[in-house]
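A short write-up of the structure that comes next.
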Amino acid sequence: MSRDRQLHLGAFMRPVGIHTGWWRYPGGYPDANFNFEHLAHFARRLEAAKFDAFFMADHLAVMNMPPAALRRSATVTSFDPLTLLPALAVLTERIGLIATASTTYNEPYHVARKFASLDHISKGRAGWNLVTSGNPDEAHNFGRDAHVDHATRYARAREFFDVVTGLWDSFADDAFPMDPESGLFLDPEKMHVLDHRGAFLKVKGPLNIARPVQGWPVIVQAGASEAGKQIAAETAEMVFGSGSTLEAAQAFYADVKGRMPAAGRDPDQLKILPGCFVVLGETEAEAQAKKARLDDLVHPDSGLANLSVRLGVDASGFDLDAPLPEIPETNASKSGQAQIVEYARRTGATVRELARKVGGYGGLQMVGTPAQVADRMEEWLETRACDGFNVMFPFVPEGLDDVVDRLVPELQRRGLFRRDYAGTTLRDHLGLARPANRFFA
């Protein structure tokens with residue numbers, strides 16, 4: 001059975017902001033986040049299941065939490081994504097490879113060159129998750145006493161995007177004849193010097209690598225604040241969307257895509273994939289039991305610390321059995337704070353309940369049999385709440401195997417997901433056009 005719209009599936013393989021108990025689950029791999037053999041196996045399994053992409057999130061500091069929580073956190077050690085993904089590129093053939101790189105604590109020339117290299121090494125499978133950095137402790141690792149304020153981070157990010165994509169367009173696609181007989185390697189007429197001078201950045205160029213295979217690696221964005229939604233509408237081709245309810249996701253989907261025509265963009269050239277925490281069982285009761293067992297592994301130290309990170313304020317002094325007090329505006333992730341505050345006000349949850357929820361997983365969860373989860377995914381797709389999902393596994397390898405071996409075949413049986421790749425690049429998988437070079441016809 002074929003459909004006009006099919007799901008896109010990415011895989012979130014980095015436990016940042018995911019369940020704090022995953023590494024303790026019986027039979028799991030505690031080192032899955034920092035074991036290359038495990039990660040290579042996961043990437044191959046995902047590719048065999050025809051996933052669109054393997055996504056590695058990142059942050060540039062140890063998470064800002066107290067030692068009591070840090071000692072229980074699997075986020076302390078992790079690979080640099082742009083070191084890991086080129087290694088995975090040579091072990092895979094089709095799956096997209098998406099990495100996070102901050103626009104606040106990187107320079108655009110670095111980012112442009114690294115992602116262009118990844119795109120060439122992978123033969124067109126790279127994606128850049130453009131972030132502004134939500135962890136305020138990153139500032140201290142880059143010569144700053146305080147985190148750059150939210151509005152400035154996004155203004156710099158917007159200019160950063162223009163510079164990176166301009167650098168990717170440094171050369172026409174046919175700029176390198178590499179003709180041994182004439183001795184002509186490069187045609188200088190097909191090289192553009194960017195010479196950018198802006199409010200935040202000054203970059204001459206050109207980039208010292210040929211134009212990426214995809215023209216530009218796929219641009220990914222995850223912010224859900226007003227600034228985040230606007231930069232997504234102007235620049236992104238994939239968004240890891242927000243919303244733990246169908247109604248909230250529909251509103252986010254309509255909002256972001258509704259902004260795109262004013263930016264001169266086709267809404268079909270943006271795919272929205274909310275993060276989705278999937279727990280499967282032979283029966284619904286079995287799936288719920290797995291989830292309950294996982295939740296029981298959340299230590300109170302971890303829960304309260306994760307609540308502090310999400311709120312952007314220290315929650316350790318809050319009355320655990322009282323409702324969430326008024327929370328000041330944060331300079332960290334505004335959308336992350338807003339989601340928690342909205343949930344607390346809507347449900348009346350106590351601080352203790354919020355800490356348990358955030359120490360577990362506080363976003364979109366689909367828990368049940370493969371058929372039940374497929375039903376929900378189908379509803380979200382058909383009601384324009386999403387274009388697919390960025391799947392988060394509750395534990396590995398069992399949670400990954402459940403999705404690959406049980407959920408994916410059910411989605412394929414319904415005609416909701418591909419049985420094979422139609423092309424070779426990440427843009428092919430997502431149905432995205434190759435960007436024209438702004439400097440060369």
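Numbering of residues begins at 1 and proceeds along the displayed sequence.
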Could you give the distance from NZ (K123) to CG (L426), rounded to the nearest 0.5 Å?
16.0 Å
Tell me whether H429 contacts the main-chain N or O of R94 through its side chain, where contact means a donor paired with an acceptor under 3.5 Å.
yes
Neighbour count above 12 (heavy atom, 6.0 Å) for Q288 CD
yes
Between the side chains of H150 and E329, does any donor sit under 3.5 Å from an acceptor?
no
N129 versus T100, side-chain donor and acceptor atoms under 3.5 Å:
yes
M238 side, atom CE; L273 side, atom CG - distance, nearest 0.5 Å:
5.5 Å
Intermediate values then yes/no, salt bridge (charged side-chain N to carboxylate O under 4.0 Å, His left out), K271 and D52
CA-CA 12 Å; K271 309 301 178 184; D52 291 72; over 6 Å; no
Under 6.0 Å between ring centres, would you say that holds for F55 and F240?
yes
Quick one: does H196's side chain have a donor or acceptor within less than 3.5 Å of a partner on D162's backbone?
no
Under a 3.5 Å threshold, yes or no: a donor from one side chain and an acceptor from the other, between T104 and T132?
no
Could you tell me whether the side chain of F277 reaches within less than 4.5 Å of the side chain of P394, counting heavy atoms only?
yes
Run I95 and Y421 through side-chain contact (heavy atoms from CB on, under 4.5 Å) and show every step you take.
CA-CA 9 Å; I95 193 167; Y421 293 111; 4.0 Å; yes
For the atom pair CD (Q6) and CG (L9), what is the distance rounded to the nearest 0.5 Å?
10.0 Å
So which atom in D266 and which in M260 form the shortest heavy-atom distance, rounded to 0.1 Å?
O-CE, 3.3 Å
Main-chain N/O of T350 paired to E353 side chain as donor or acceptor, under 3.5 Å:
yes
Measuring only between side-chain heavy atoms, which start at C-beta, is K50 closer than 4.5 Å to R419?
no
Side-chain donor or acceptor of K290 paired with backbone N/O of G281 under 3.5 Å
no
What I'd like to find out is whether the side chain of Y343 reaches to under 4.5 Å of the side chain of R346, using heavy atoms alone.
yes
More than 12 heavy atoms of other residues, nucleotides or ligands under 6.0 Å from CZ of R434: is that the case?
yes
Side chains of V408 and Q412, heavy atoms from C-beta outward: is any pair under 4.5 Å?
yes
Against R125, only a single residue in D119, T425, T92, D428 fulfils side-chain hydrogen bond (donor to acceptor under 3.5 Å, both in side chains); can you say which?
T92
Output yes when R265 and E237 qualify as a salt bridge under the 4.0 Å nitrogen-oxygen rule, no when they do not.
no
Note: L91 and A40 closest approach over all heavy atoms is CD1-CB, 3.8 Å
For W128 and A101, indicate whether the former's side chain and the latter's backbone hold a donor-acceptor pair under 3.5 Å.
yes
For V218 and R427 the tightest heavy-atom approach is CG2-CG, 3.7 Å
Verdict with supporting geometry, L400 and L46, side-chain contact (heavy atoms from CB on, under 4.5 Å)
CA-CA 9 Å; L400 170 69; L46 293 165; 3.7 Å; yes
Examine distances only and state if a side-chain atom of T347 and a backbone atom of A349 form a donor-acceptor pair shorter than 3.5 Å.
yes
Any sub-3.5 Å donor-acceptor pair from K229's side-chain atoms to V256's backbone N or O?
no
Distance flag, aromatic centroids of F54 and F42, threshold under 6.0 Å
no
Are R158 and E234 within salt-bridge range, i.e. N to O under 4.0 Å?
yes
Are the side chains of F318 and L311 in contact, using a 4.5 Å heavy-atom criterion?
yes
Looking just at side-chain N and O atoms, do D295 and H19 make a donor-acceptor pair shorter than 3.5 Å?
yes
Salt-bridge criterion met for R5 and E378 (N-O under 4.0 Å):
no
Is E159 reaching over with its side chain to a backbone N or O of L201, donor-acceptor style, under 3.5 angstrom?
yes
More than 12 foreign heavy atoms under 6.0 Å from NE2 of H110: is that the case here?
no
Before giving the answer on salt bridge (charged side-chain N to carboxylate O under 4.0 Å, His left out), spell out for R45 and D401 the whole-Å C-alpha distance, their side-chain angles and the decisive distance to 0.1 Å.
CA-CA 8 Å; R45 288 280 282 149; D401 292 339; 3.0 Å; yes
Show your reasoning for whether side-chain contact (heavy atoms from CB on, under 4.5 Å) applies to T383 and L246.
CA-CA 9 Å; T383 61; L246 180 67; 3.5 Å; yes
What one should report as the nearest heavy-atom pair of V404 and A49 is CG1-CB, 3.9 Å
Donor-acceptor check, side chain of R414 to backbone of A371, threshold 3.5 angstrom: yes or no?
yes
Is E138 close to R144 at the side-chain level, that is, under 4.5 Å between some pair of heavy atoms?
no
Can you tell me how far CG of L118 sits from CZ of R113, rounded to the nearest 0.5 angstrom?
13.5 Å
State, without any angle test, whether R259 and Q230 hold a side-chain donor-acceptor pair at a distance under 3.5 Å.
yes
State, to 0.1 Å, how close P212 and A116 come at their nearest heavy-atom pair, and which atoms those are.
CG-CB, 3.9 Å
CZ (R376) and CG (L381) are apart, to the nearest 0.5 Å, by 14.0 Å
What's the spacing between D321 CG and R352 CZ if we round to 0.5 Å?
4.0 Å
Considering only heavy atoms from C-beta outward, does the side chain of L82 approach that of M56 to under 4.5 Å?
no
Counting N and O atoms only, with roles assigned by atom type, does the side chain of D387 sit under 3.5 Å from a partner on the main chain of I272, one being a donor and the other an acceptor?
yes
Testing the 3.5 Å rule here: is there a donor-acceptor pair between the side chains of Y105 and H59?
no
If every non-hydrogen atom of F389 is compared with every non-hydrogen atom of W380, which pair is closest and at what distance?
CZ-CB, 3.6 Å
Any side-chain heavy atom of L130 sitting closer than 4.5 Å to one from F160?
no
Take F79 and N35 through the test side-chain contact (heavy atoms from CB on, under 4.5 Å) and record every step on the way to the result.
CA-CA 9 Å; F79 292 116; N35 183 309; 6.0 Å; no
